[in-house]
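To find a chain, count down the sequence lines: A is the first, B the second, and so on, and within it residues start at 1.
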Amino acid sequence: MRPEDMRNPSMLTGDVEVVVRELAVLNEAKTPPYVLEDGVEASDVLRLKYRYLDLRRPSLQRNIILRHKAAGSVRRYLDSHGFIDVETPVLTKSTPEGARDYLVPSRVFPGKCYALPQSPQLFKQLLMVSGFDRYYQIVKCFRDEDLRADRQPEFTQIDIEMSFVEMDDILNITETMIVNLFRETIGVNLPVPFRRMTYEEAMEDYGTDRPDTRFGMKLKDISDIVAGSDFRVFASTLAEGGVVKAFAVKAPHGFSRKDLDSFSDVVADFGAKGVLWARLEGDGWKSSLSKFLQASRFDAMGQRLDMKPGDIALIIAAPKNTANASLSALRLHVAGRLGLIDPNAFSALWVTDFPLLEWSEEDKRLVSVHHPFTAPMPDDLPLLPSDPGKVRSQAYDMVINGSEVGGGSIRIHTPEIQKQVFEAIGLGEEEARIKFGFLLDALQYGAPPHGGIAFGLDRLTMILTHAASIRDVIAFPKTQKAYCVMTDAPSEVSPAQLAELGLKYGKEG
RNA sequence: GGGGGCGUAGUUAAGAUCGGUUAUAACGCCGGCCUGUCACGCCGGAGGUCGCGAGUUCAAGUCUCGUCGCUCCCGCCA
């Protein structure tokens, strides 16, 4: 035992005295390229190059272990509820609609390619036709799109599908799965049932389909209040079918004129031209709009936004989508600045009733909001030929802390409706047959009503560990350009390998 | 495809507004000293393509342009 006066309570091992009987060096170690301690930051390139060392950091160890526990919790839950883990192909067929595919050229079929799956979507539906009425898989998915802090080119889904179910069945069973997950991994009991919100409500109140409900500042439409005013920005916006929306920030916020001006920069990325403001003071309104708006209109706005003296309203006039996107971003920005988000709070909810289709300006046609196998709401089906944009789908997302952690839908299970939807997105019968013939065939053999959902294991783990980057919950992640610093992938291959595949790259690469 | 931030010893940072002698510090590394250390201490030392390339200038880490890498965001991600 170490002498009493030499205990060091500030160290984890400060009470321990080691008595050496024998000492052997098992392997010598070089000096690490950087300090491997939490709190000591190194550049991302360096960390990724020596990922095997970086993973020694206590925080990363903790994240990776927690991820393992999360996957285990999900497996135990699904196993005990009769779900069967079935593997699906990784070398599969490229599908139109959706993300860019990662392609794998075939040696045996020169000029043809496999694609890595964006998700096992079609296979899990086919498993329902096969009679495996409860399927799950924790599986890699691949999407060749530009990355973000919560997106990697390969990521892991908790993929689930069930037969003879309706939306509520899937929501209920997976909600319990997530509640279990939080309890078993971090000891947090999420309040149940999760709040449910329609897509329309989410857009109206939060300007986004993945609202962060850990704080207030809901959006309000004040178009009717400012309609008919002299202010040209409002008049022209409303005349062109746009909206004027706002949210109120409670005092004390301490916003200076400079702060208020800076908000226009925040929303610029989302297309809004600027942010207007109006502060309620003891004796009236102070505002960038005072010259243009009568006091009665200010009062009506204050009432709608439930404002007290000192509170300030932030206002945007723009086309509806622009106003929503801008206010949603501004709301998050303001909440972050004012510290309104409790880092230890978790707010989980369901968003339902997504639209089935939306207009794509790029493709000049309607495209699926979720995917083309999503079932329309039966009540809305008659609208499909006449007013397809109005048709709601049986799709749903789970949102936690403003992050979309899962999404799914009840699927189309009859060939007739599937054909109608393909038609609506401009997928001709012949083309549909070439691309999805196997699905259309399968639906003709008594496919049961079915539906499912997929959760992002990476994002769930981020939330559980409070990780700021998806790279902190993946053992061997890639950079924002999908490059692996450690292995140097992607890399050049030999001319012989290319020749075998019948490939030849041009000079540009 | 577009916008923002960052890039200086092995590492993390300062120096950049205002161009000017030999680019500074901490940690790490190397050598020496120290018979109770635990963020040991003391003495000494090595270590730099200031991401890269042009340009302006008598002179560039510093100014200009381009480019590469990392990162955050928009578009994109059924």
Side-chain angles (χ1 to χ4, degrees), chain A residues 2-18 20 30-37 39-50 53-54 94-102 117-119 121-122 141-155 157 209-210 262 265-272 321-322 325-326 328-329 332-333 336 354-358 360-363 365-374 393 395 397 404 407-409 411 421-422 425 427 435-436 454 456 459 468-472 477-485:
Chain A
R2 81 171 21 190
E4 203 53 46
D5 59 339
M6 285 183 187
R7 289 169 181 269
N8 186 346
S10 61
M11 283 191 74
L12 206 61
T13 55
D15 284 337
V16 180
E17 180 82 8
V18 176
V20 179
K30 286 172 67 173
T31 304
Y34 59 95
V35 183
L36 297 168
E37 282 172 22
V40 181
E41 284 307 313
S43 79
D44 287 277
V45 185
L46 204 64
R47 291 182 59 190
L48 289 174
K49 180 172 179 189
Y50 296 97
L53 297 181
D54 208 46
S94 175
T95 51
E97 300 288 313
R100 211 172 280 120
D101 285 319
Y102 277 100
Q118 297 173 24
S119 79
Q121 181 59 38
L122 292 167
C141 302
F142 306 85
R143 292 178 191 174
D144 186 5
E145 295 292 345
D146 290 334
L147 306 179
R148 288 285 190 282
D150 62 352
R151 276 196 236 157
Q152 280 271 302
E154 49 179 308
F155 59 99
Q157 281 191 348
D209 60 1
R210 48 182 180 94
S262 75
D265 298 333
V266 174
V267 301
D269 276 346
F270 302 87
N321 289 345
T322 304
S326 302
S328 169
L332 287 173
H333 175 83
F354 281 80
L356 185 71
L357 306 164
E358 67 186 344
S360 163
E361 203 46 54
E362 195 192 334
D363 299 337
R365 65 176 175 91
L366 287 168
V367 297
S368 296
V369 169
H370 190 53
H371 58 52
F373 321 108
T374 300
S393 70
D397 279 356
E404 183 202 323
S409 62
R411 326 297 182 188
V421 170
F422 280 161
I425 60 172
L427 199 63
K435 284 166 176 158
F436 301 114
R459 285 185 187 172
S469 165
I470 194 171
R471 293 182 299 279
D472 292 340
K478 294 181 175 59
T479 70
Q480 197 168 42
K481 290 183 73 180
Y483 174 68
C484 176
V485 185

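- Across all strands shown, B:U64 pairs with B:A54; the Watson-Crick or G-U wobble distances both stay below 3.5 Å.
- As a whole-Å value, the separation of A:Arg143 CZ from B:C76 C1' is 12 Å.
- Rounded to a whole Å, the CG atom of A:Asn321 is 15 Å from the P atom of B:C74.
- Nucleotide B:G41 forms a pair with B:C33, judged by Watson-Crick or G-U wobble geometry with both contacts under 3.5 Å.
- Pairing for B:G47 is absent, judged as Watson-Crick or G-U wobble with the two contacts each under 3.5 Å.
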>> Before you tell me yes or no, could you show the steps for A:Tyr34 and A:Arg47 under side chain to side chain contact (heavy atoms under 4.5 Å, CB included), namely the whole-Å CA-CA distance, both residues' side-chain angles and the distance that decides it to 0.1 Å?
In response: CA-CA 9 Å; A:Tyr34 59 95; A:Arg47 291 182 59 190; 3.9 Å; yes
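- Residue contacts shown for A:Gln121 include a base, since a base heavy atom lies under 4.0 Å away.
- Map A:Arg471 and A:Arg151 each onto its nearest nucleotide of RNA chain B; the residue landing nearer the 5' end is A:Arg471.
- Separating the P atom of B:G61 from that of B:U22 is a span of 12 Å, rounded to the nearest Å.
- Distance check on atom C1': B:C65 versus B:U11 gives 32 Å, rounded to whole Å.
- In this structure, the ring pair (Phe, Tyr, Trp, His ring centres under 6.0 Å) partners of A:Phe422, at least two apart in sequence or on a different chain, are A:Phe436.
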>> What does the B/S/- profile of nucleotides 9-16 of chain B look like, 5' to 3', with a 4.0 Å heavy-atom cutoff to protein?
In response: -SSS----
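- Of all nucleotides listed (B:C73, B:U71, B:G1), B:C73 comes nearest to the side chain of A:Ala149.
- Every residue meeting the side chain to side chain contact (heavy atoms under 4.5 Å, CB included) condition with A:Ser94, not counting sequence neighbours, appears here in chain and number order: A:Asp101, A:Leu103, A:Ala115.
- For A:Ala99, the listed nucleotide lying nearest its side chain is B:C77; candidates were B:C77, B:U71, B:C74.
- Rounded to an integer number of Å, the gap from CZ of A:Arg100 to C1' of B:G75 is 11 Å.
- Atom P of B:G5 sits at a distance of 41 Å from the matching atom of B:G45, rounded to the whole Å.
- One C1' atom belongs to B:C74, the other to B:U56, and the distance between them is 35 Å to the nearest Å.
- Under the Watson-Crick or G-U wobble criterion, with both distances below 3.5 Å, B:G69 is paired with B:C6.
- Taking 4.5 Å as the limit, some side-chain heavy atom of A:Pro153 sits within range of a side-chain heavy atom of A:Leu147.
- Going from atom CZ of A:Phe155 over to atom P of B:C76 covers 17 Å, rounded to whole Å.
- Annotation: B:G41 and B:C34 have their C1' atoms spaced 8 Å apart (nearest Å).
- Rounded to an integer number of Å, the gap from A:Asp265 CG to B:C74 P is 16 Å.
- Side-chain proximity of A:Lys481 to B:C29, B:G75, B:G69: nearest is B:G69.
- For A:Asp44 and B:G69, a side-chain-to-base donor-acceptor distance below 3.5 Å is absent, hydrogens and geometry of angles not being considered.
- Here the shortest heavy-atom pairing between A:Ser393 and A:Thr374 reads CB-CG2, 3.7 Å.
- When heavy atoms are screened at a 4.0 angstrom cut-off, A:Val485 is found touching no nucleic acid atom at all.
- With both pairing distances under 3.5 Å, B:C76 is matched to nothing as a Watson-Crick or G-U wobble pair.
- Note on A:Val45: only backbone sugar-phosphate atoms sit closer than 4.0 angstrom, heavy atoms only; bases stay farther off.
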At a cut-off of 3.5 Å, list every protein nitrogen or oxygen paired with a nitrogen or oxygen from nucleotides 3-7 of chain B, distance to 0.1 Å.
none

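- For A:Leu366, the side chain to side chain contact (heavy atoms under 4.5 Å, CB included) test picks out A:Leu357, A:Trp359, A:Pro388, with sequence neighbours left out.
- One finds a side-chain N or O of A:Gln480 lying less than 4.0 angstrom from the OP1 or OP2 phosphate oxygen of B:C72.
- For the P atoms, the distance from B:U12 to B:C70 is 16 Å, rounded to whole Å.
- Taking atom C1' in both B:C73 and B:G53, the straight-line distance is 29 Å, to the nearest Å.
- Here, B:A60 and B:A13 have their P atoms 27 Å apart, quoted to the whole Å.
- Rounded to whole Å, atom P of B:G69 lies 16 Å from atom NZ of A:Lys49.
- Nucleotide B:C18 is matched to nothing when pairs are restricted to Watson-Crick or G-U wobble geometry with both distances under 3.5 angstrom.
- Mapping A:Phe373 and A:Tyr483 onto RNA chain B via the closest heavy atom, the residue that lands nearer the 5' end is A:Tyr483.
- Heavy-atom contacts from other residues, nucleotides or ligands closer than 6.0 Å to CZ of A:Arg459 number more than 12.
- With sequence neighbours excluded, the residues that form a side-chain hydrogen bond (donor to acceptor under 3.5 Å, both in side chains) with A:Lys478 are A:Glu154.
- The two residues A:Phe155 and A:Gln152 have their closest heavy-atom pair at CD2-O, 3.7 Å.
- For the pair A:Lys478 NZ and B:U71 P, the interatomic distance rounds to 13 Å; values are reported in whole Å.
- Within 4.0 Å of A:Ser119, counting heavy atoms only, lies at least one base atom of the nucleic acid.
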>> Under the criterion side chain to side chain contact (heavy atoms under 4.5 Å, CB included), I'd like the reasoning laid out for A:Arg151 against A:Arg143: C-alpha separation, chi angles, the key distance, then a yes or no.
In response: CA-CA 10 Å; A:Arg151 276 196 236 157; A:Arg143 292 178 191 174; over 6 Å; no
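- Residue A:Leu147 contributes atom CG, which lies 13 Å from atom C1' of B:C73 at whole-angstrom precision.
- Using a 4.0 Å cut-off, some side-chain N or O of A:Thr479 falls inside it from OP1 or OP2 of B:C70.
- Salt bridge annotation for A:Glu145-A:Arg100: present, with a cationic side-chain nitrogen under 4.0 angstrom from a carboxylate oxygen.
- In this structure, A:Asp265 places its CG atom where more than 12 heavy-atom neighbours from other residues, nucleotides or ligands lie under 6.0 Å away.
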